[in-house]
Amino acid sequence: MVPIFKTFALFALTALAEIIGCYLPWLWLKKGATPWLLIPAAFSLATFAWLLTLHPAAAGRVYAAYGGVYIAVALVWLWLVDGIRPTLWDGVGAAVSLAGMAIIMFAPRTA
């Protein structure tokens, strides 16, 4: 159970780094925030890329599975940061994407 939790937690942290790295430039471009936000945004995106390298699975498999967790974390962001409560269908979509992540990451492998 620990590898499953560790994998999910690492993916969630990776998603948060990516979302922050994209949200800060969005604040600058859409909301007139200071361009100085681009500095922590760049750091956050570099952290995102580094975190993806910490998984022992093949890169393509990690990238594919990561997308499922990204969807779920983005919906939490929608609720907590944007103040928009996800719909039932958002939740269903996130559950399907998380199931896909679990299948990709934890299915038995022969090679």
Side-chain angles (χ1 to χ4, degrees):
M1 193 59 135
V2 172
I4 293 172
F5 176 76
K6 182 178 176 183
T7 298
F8 181 79
L10 185 55
F11 274 144
L13 187 60
T14 303
L16 193 58
E18 182 180 10
I19 291 169
I20 290 169
C22 294
Y23 185 72
L24 295 177
W26 181 86
L27 286 176
W28 168 58
L29 292 168
K30 294 293 223 174
K31 300 291 185 180
T34 177
W36 287 104
L37 288 177
L38 298 177
I39 295 170
F43 175 77
S44 188
L45 288 173
T47 301
F48 151 72
W50 172 72
L51 288 168
L52 281 175
T53 69
L54 299 181
H55 291 273
R61 183 170 289 129
V62 169
Y63 300 155
Y66 161 72
V69 176
Y70 178 86
I71 291 167
V73 173
L75 290 172
V76 172
W77 183 276
L78 174 73
W79 194 353
L80 298 178
V81 176
D82 292 332
I84 300 170
R85 187 176 180 162
T87 67
L88 169 66
W89 294 110
D90 294 329
V92 170
V96 168
S97 70
L98 289 173
M101 179 278 295
I103 291 166
I104 291 169
M105 288 304 291
F106 305 119
R109 308 260 183 251
T110 56

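In plain terms, the two heavy atoms of Gly68 and Ser97 that are nearest each other are O-OG, 3.1 Å. Closest approach of Ile19 to Tyr70, counting heavy atoms only: CG1-CE1, 3.5 Å. Heavy atoms only, all atoms of each residue included: Ala65 and Met101 are closest at O-CG, 3.2 Å. For the pair Val69 and Ala12, the tightest heavy-atom approach, listed with the atom from each and the gap, is CG1-N, 3.7 Å. The two residues Gly21 and Ser44 come nearest to each other via the heavy atoms N-OG, 3.4 Å.
Remark: Leu54 CG to Thr7 OG1 distance equals 11.0 Å, nearest 0.5 Å. With values rounded to the nearest 0.5 angstrom, Leu29 atom CG is found 7.5 Å from Leu38 atom CG. Separation of atoms CD1 (Ile84) and CG (Leu78) is listed at 5.0 Å; rounding is to 0.5 Å. Annotation: the span from Leu10 atom CG to Leu52 atom CG amounts to 8.0 Å, rounded to 0.5 Å.
Two residues are said to be in side-chain contact when any heavy atoms from C-beta on lie closer than 4.5 Å; Leu37 and Pro25 fail this criterion. No side-chain heavy atom of Val76 sits less than 4.5 Å from a side-chain heavy atom of Pro86. By the 4.5 Å heavy-atom criterion applied to side chains, Leu24 and Pro40 are counted as neighbours. Using a 4.5 Å heavy-atom threshold, the side chains of Phe11 and Val62 count as touching.
Residues satisfying the side chain to side chain donor-acceptor pair (under 3.5 Å) criterion with Thr87, sequence neighbours excluded, are Asp90.
Residues Leu27 and Val81 fall within the same hydrophobic cluster, defined by Ile, Leu, Val, Met, Phe, Trp and Tyr side chains chained together at heavy-atom separations under 4.5 Å. Cluster membership for Leu98 and Val92, using ILVMFWY side-chain heavy atoms within less than 4.5 angstrom, is not shared. Both Met105 and Ile4 are part of a single hydrophobic cluster, where members link through side-chain heavy atoms under 4.5 Å apart. There is a path of hydrophobic side-chain contacts, each under 4.5 Å, that joins Val73 to Tyr63.
Pairs passing the ring pair (Phe, Tyr, Trp, His ring centres under 6.0 Å) check and including a residue from residues 71-101, sequence neighbours excluded, read Tyr23-Trp77.
Partner Tyr66 forms a side-chain hydrogen bond (donor to acceptor under 3.5 Å, both in side chains) with one of Arg61, His55, Glu18 and no other, that one being Glu18.
Remark: Phe106 CZ is packed, more than 12 non-hydrogen atoms of other residues, nucleotides or ligands lying under 6.0 Å away.
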